[in-house]
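Worksheet: one structure, shown below.
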Amino acid sequence: MTVRTRFAPSPTGYLHVGGVRTALFAWVIAKKNNGKFILRIEDTDKNREVAGSIDHIMKSLSWLGIKWDEGPDTSNYLGPYLQSERLPIYKTWAEKLISKDLAYSDPYTTAQLDEFRQKAITNKKPFLFRDHRPKNPTTWDGSTALRLKSAPKIYTWHDAVMGNMQAGDSAIDDFILIKSDGYPTYNFAHIIDDYLMEITHVIRSQEFISSIPRYLNLYEALGLAPPIIATLPYVMGPDGKKKLSKRDGAKDVLDYQALGYLPEAIINFLATLGWNDGTEQEIFSIDEIINKFELSRVQNSGAVFDEKRLLWMNGSWIRSLDLDDLYQRSDKFWPESANNADEQYKKKVLSLVQERLKYLAEIPQLTNFFFADQKVDPSLINDNKYLSKLEKSELKNILSQARIELEACDFSSVDLTRRLNQLLESLKLKPAVLFSLVRVATTQAPASPALVESLAVIGKELSLKRIDQQLSALS
RNA sequence: GGCCCCUUCGUCUAGUGGUUCAGGAUAUCUGGUUCUCAUCCAGAAGAUCGCGGGUUCGAAUCCCGCAGGGGUCACCA
């Protein structure tokens, strides 16, 4: 049997990392088993729907390389994949239940329901609709909610992540199948869809765990065999107690794209948030994850989303890229000053900052001085612990000597190193003094790659020009 | 309140009765790599394995109880 998994978001906004991890694990299971991954949109709540969400969700998944084999934009193998386009299907299945006397029309108003609920809370009892099940319900005409006539019992089941589970019969109730607006509830629609779309593994997050007995009850009523169930623990917010939410500042996945995070890093990070292969490996390629992933090795407890760890992992992935690849990915991140620079030059710059990058949006601040005219910044000397101790005249003298030496230099790394070292000896200077001074003069930046490499890239003409500017500023 | 889930360094985790008075990673700190930033390397600090009983020669690992945290009890998913 072909393994088929699905990710079924509701289009209520952007996708954040917590949601993406659920999609990732479902996708990985499908890929691992040469199966299919289905994207289904659960748009059964018109009130919560946010325009543009579907497109945004698809963009997010696409960027990460989580490709769906079937979805709203593919041919309709077992679609449509938008629940709002499947209303007749749900109605047909609802009628099957009605004909078996397993569903009935809900006669109560919301005010009455609230009253029942309030009473249950006051009595410190769980609210169970079935305690109020009407004796002679009217024929359902679609204008009221349709409820399942549940069969309460104790359920035990196996969860591919959590293991063996059990729940008491108070977990079973007459939940709503079709709302009075004609749309199905999630509880009903997803079961029908998972069956019709031949889903073999239902992978979703923890908040559904207490609903599972109700789903099992519905499967029985429908005469369907339940799929393999896998419940993922939460991705936690910073406090480590509650699941990560947009309120905690959980970013849109596409925000990470804009900051220059690599999809490989996001996936690596998310996969190892709650999963590991039992070895001490931390960095996994997407293929390795697909090969090694096991639901049974997924953690049962929630894991805090730690941006710092993600940052480290992203830097690690950036460092592992070869230069051409990094160059391609950097395309949209260059500072304006680099607009006229050629590819060759930009690649040289990139090779110098590669190991310094944690995310690609840092490129402008790290590379601007390679491209733009720099103004002399006196604080760079005044705040430097070596240079601030020297008189201006001394600095000027040292820099003038350096200028003479660089004037004669061919600006190859070898010649730069040789001449700067000679100068250290002849002037009896510490590297901390000479190198700092030349670095400050030629970059006018608080930090830069190593001096010799930087000079070699900046070039003779520009380096000398900047030294001259520094010299006149010291006068 | 009922039902259910969870609990190892700050964080992600290894660990399924004995070679673990708990290993790795990250974060932090220190030192080194001719200057800065970063990388890299070396090192430090950091978890009485939620608590209390029990079983056992021996428990983070098995059993019981408790506590803390979380979920759910919607015409939301």
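- The residue among A:Glu282 and A:Gly302 whose nearest nucleotide of RNA chain B is located toward the 5' end is A:Gly302.
- Atom C1' of nucleotide B:A25 and atom CG of A:Leu273 are separated by 13 Å, given to the nearest angstrom.
- Shortest non-hydrogen contact noted between A:Ser320 and A:Trp317 is OG-O, 2.8 Å.
- Across all strands shown, B:C75 forms no Watson-Crick or G-U wobble pair with both distances under 3.5 Å.
- The side chain of A:Ala447 approaches B:C37 more closely than any other nucleotide in the set B:C35, B:C37, B:G23.
- Salt-bridge formation is detected for the pair A:Asp194/A:Arg40: a Lys NZ or Arg NE/NH1/NH2 atom is positioned less than 4.0 Å from an Asp or Glu carboxylate oxygen.
- Using a distance-only test at 3.5 Å, with no hydrogens or angles considered, a donor-acceptor pair links the side chain of A:Tyr108 to the main chain of A:His132.
- No hydrogens or angles were tested; on distance alone, a donor-acceptor pair under 3.5 Å links the side chain of A:Asn421 to the base of B:U34.
- Rounded to whole Å, atom C1' of B:A25 lies 9 Å from atom CD1 of A:Ile283.
- The shortest non-hydrogen separation linking A:Ile176 to A:Thr185 is O-OG1, 2.7 Å.
- Among the nucleotides B:U34, B:C6, B:C12, the one closest to the side chain of A:Phe435 is B:U34.
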B/S/- along nucleotides 70-77 of chain B (protein heavy atoms under 4.0 Å) is SBSBSBBB

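- Distances were taken from every side-chain heavy atom of A:Val304 (C-beta onward) to each of B:C4, B:C12, B:C6; the shortest belongs to B:C12.
- Residue A:Arg297 places at least one side-chain N or O under 4.0 Å from the OP1 or OP2 atom of B:G15.
- Geometrically, A:Lys246 engages A:Tyr14 in a cation-pi contact defined by less than 6.0 Å to the ring centre and at most 45° from the axis.
- Of all non-hydrogen atoms in A:Asp181 and A:Lys46, the two that sit nearest each other are OD2-CE, 3.9 Å.
- Phosphate proximity of B:A14 to A:Asn276: present, with a side-chain N or O under 4.0 Å from OP1 or OP2.
- Dashed line: the shortest gap from a side-chain N or O of A:Gln299 to OP1 or OP2 of B:A14 is under 4.0 Å.
- Across all strands shown, B:U30 pairs with B:A42; the Watson-Crick or G-U wobble distances both stay below 3.5 Å.
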Expected rows: protein N/O vs nucleotides 40-50 of chain B N/O, under 3.5 Å:
residue, atom, partner, partner atom, Å
B:C40, OP1, A:Arg319, NH1, 3.3

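- For A:Glu307, the CD atom sits in a packed shell: over 12 heavy atoms of surrounding residues, nucleotides or ligands are nearer than 6.0 Å.
- Without hydrogens or angle criteria, A:Thr272 side chain to A:Phe269 main chain gives a donor-acceptor distance under 3.5 Å.
- A:Ser448 comes within 4.0 angstrom of a nucleotide base, judged by non-hydrogen atoms across all strands.
- Across all strands shown, A:Lys430 has no heavy atoms under 4.0 Å from either base or sugar-phosphate atoms.
- Computed from coordinates, the A:Asn300 CG to B:G15 C1' distance equals 15 Å when rounded to whole Å.
- At a cut-off of 3.5 angstrom, counting only N and O atoms as typed in the model, there is no donor on one side facing an acceptor on the other between the side-chain of A:Arg309 and the base of B:A27.
- Contact annotation for A:Ser143: no contact, since no heavy-atom pair falls under 4.0 Å across all strands.
- For the pair A:Tyr234 and A:Arg21, the tightest heavy-atom approach, listed with the atom from each and the gap, is C-NH2, 3.8 Å.
- More than 12 heavy atoms of other residues, nucleotides or ligands shown are found within 6.0 angstrom of NZ on A:Lys292.
- The partner of B:U7, taking Watson-Crick or G-U wobble pairs whose two distances both stay under 3.5 Å, is B:A67.
- Rounded to an integer number of Å, the gap from A:Leu326 CG to B:A38 C1' is 15 Å.
- Both A:Leu424 and A:Met165 lie close to RNA chain B; mapped to their nearest nucleotides by heavy-atom distance, the more 5′-ward contact belongs to A:Met165.
- With both pairing distances under 3.5 Å, B:G18 is matched to B:C57 as a Watson-Crick or G-U wobble pair.
- Here the side chain of A:Asp377 pairs no donor or acceptor atom with the backbone of A:Gln444 at under 3.5 angstrom.
- Separating the CG atom of A:Leu270 from the P atom of B:U26 is a distance of 19 Å, rounded to the nearest angstrom.
- Spacing between atom OH of A:Tyr155 and atom C1' of B:C5 amounts to 20 Å, rounded to whole angstrom units.
- The aromatic rings of A:Phe293 and A:Phe25 sit tilted, their planes meeting at an angle between 30° and 60°.
- When every heavy atom of A:Ser454 is checked against every heavy atom of A:Phe370, the shortest pair comes out as O-CE2, 4.0 Å.
- A heavy atom lying under 4.0 Å from RNA chain B marks none of the residues of residues 245-253 of chain A.
- The residue A:Gln166 sits close only to the backbone: its heavy atoms come under 4.0 Å of sugar-phosphate atoms, none of a base.
- Taking both residues in full, the closest heavy atoms of A:Thr231 and A:Ile209 are given as CG2-CD1, 4.0 Å, listed atom of the first, atom of the second, then distance.
- Nucleic acid contact class of A:Gly315 (heavy atoms, under 4.0 Å, all strands): none.
- Residue A:Ile398 contributes atom CD1, which lies 16 Å from atom P of B:C35 at whole-angstrom precision.
- Atom CZ in A:Phe305 sits roughly 16 Å away from atom P in B:U11 (whole-Å rounding).
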